[in-house]
S.K.: 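This structure is in structure tokens; I'll ask about it shortly.
To find a chain, count down the sequence lines: A is the first, B the second, and so on, and within it residues start at 1. When reading the values below, keep in mind they use all heavy atoms of this one structure, side chains included, and skip hydrogens, waters and symmetry mates.
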Amino acid sequence: MSGEFERTPEGVVATLTPLEAALLRQFVSELRMLLEAEVGAGDGGGDAEAGAGNGGAEADLFASISEIDQDGPVILPDDPVLARLLPDAYPDDPESAGDFRRFTQDRLVARKYAACGAVLAMLPEQEDGPVRVVLDDDGVRDWLGALNDVRLALATRLGVEQDDEDYWEELPDDDPRGAVHEIYRWLGWVQETLVRSAS
Amino acid sequence: MTGPTLTPERTKVVEADTVTTPDLPWVTIVWNDPVNLMSYVSYVFQSHFGYAKEKAEKLMLDVHRLGKAVVSAGSREEMERDVEAMHGYGLWATMRKDS
């Protein structure tokens, strides 16, 4: 399979086909948009539109986060993907869970958002040829985080469960979720090679 | 967890493979989920906690086989930092007072 990461003297390297790069770009972009919408979701408000979608997005995002730090969101997000990425820390104590979320969620969202941005920066749009990715230590950390978050997002949307391989293998060919599940599995393999290269 | 069949190195069983909680009041628990790669979970335990590979693998296998495992113990503030770090890596973690 393509997209395999390996450690070289240059760094941790992989080559993606144009299609693989486009798919990865699409899923990471979608996740980033979902995260972006979560900024400023708390009572403190904050300007979630600040810098949205342009080159200065990260700087403005951090600026708006520092303004709303004390009044971040307190409840589990409605969206199942975000709920999985930002779960409750205290399962039996809603008040402590709310306090924890209020002080940490914006920071978590910003970190995941930045990792998505770092990945997208290495996947140029409308690339006709193969895309070669070379990662230093920061890049490895960003890609591991973003790949894992994208896989969590896809799995949540697909309804992936423990040991459900038979279900996906028996899925009718015309079920569109089959193709997405193939991509989910491919991303798992890419992440596996990245973990091995990073260790 | 998922991923290719992972056989941890067979080494001498060392006391330090588990997390003991003498006088430390709070613990962090990592829960199994169907998405996270076994190799990635082990990597996270080594990276964040600084655990040796053997200990990280043992804890990872505990999460995988038992559904959850205590991965650290300490003050409430320390556990909140650990939980936040685990969520940053995409693991599912919670904390509670040690019983």
S.K.: Does any heavy atom of chain A fall under 4.5 Å from the side chain of Asn32(B), the backbone, both, or neither of them?
M.R.: side chain
S.K.: Return the minimal non-hydrogen interatomic distance between Phe100(A) and Glu80(B), and the atom names on each side.
M.R.: CE1-O, 3.5 Å
S.K.: Between Tyr89(B) and chain A, with a heavy-atom cut-off of 4.5 Å, which part of the residue counts as in contact: side chain, backbone, both or neither?
M.R.: backbone
S.K.: Are Lys58(B) and Glu54(B) ion-paired here, with the side-chain N under 4.0 Å from a carboxylate O?
M.R.: no
S.K.: Verify the neighbour count for atom CD1 of Ile75(A): are there more than 12 heavy atoms of other residues, nucleotides or ligands below 6.0 Å?
M.R.: no
S.K.: Non-hydrogen atoms of chain B under 4.5 Å away: do they reach the side chain of Glu161(A), the backbone, both or neither?
M.R.: backbone
S.K.: Which bit of Met86(B) comes within less than 4.5 Å of chain A, counting heavy atoms only: side chain, backbone, both or neither?
M.R.: neither
S.K.: Which one of Asn36(B), Thr28(B), Val35(B) has the most heavy-atom pairs closer than 4.5 Å to chain A?
M.R.: Val35(B)
S.K.: Given heavy-atom pairs under 4.5 angstrom as the criterion, report whether the side chain, backbone, both or neither of Asp88(A) touches chain B.
M.R.: backbone
S.K.: So what's closer than 4.5 Å to chain B heavy atoms on Leu85(A): side chain, backbone, both or neither?
M.R.: backbone
S.K.: Got Val71(B) and His48(B) here, is their nearest side-chain heavy-atom distance under 4.5 Å?
M.R.: no
S.K.: If you compare all heavy atoms of Val134(A) against all heavy atoms of Met122(A), which two are closest, and at what distance to 0.1 Å?
M.R.: O-SD, 4.3 Å
S.K.: Which bit of Arg76(B) is near chain A, if near means a heavy-atom gap under 4.5 Å: side chain, backbone, both or neither?
M.R.: side chain
S.K.: Do Asp137(A) and Arg141(A) meet the salt-bridge criterion of a basic N to acidic O distance under 4.0 Å?
M.R.: no
S.K.: Within the structure provided, determine whether Glu95(A) and Tyr90(A) are in side-chain contact (heavy-atom separation under 4.5 Å).
M.R.: no
S.K.: Between Arg32(A) (side chain only) and Cys116(A) (backbone N and O only), is there a donor and an acceptor less than 3.5 Å apart?
M.R.: no
S.K.: Who among Pro91(A), Pro87(A), Ser96(A) has the most heavy-atom pairs with chain B under 4.5 Å?
M.R.: Pro87(A)
S.K.: Leu144(A) versus chain B, heavy atoms under 4.5 Å apart: side chain, backbone, both or neither?
M.R.: both
S.K.: Given heavy-atom pairs under 4.5 angstrom as the criterion, report whether the side chain, backbone, both or neither of Leu91(B) touches chain A.
M.R.: backbone
S.K.: Quick check for you: among Arg185(A), Arg84(A), Glu165(A), Lys112(A), which has the greatest number of heavy-atom pairs under 4.5 Å with chain B?
M.R.: Arg84(A)
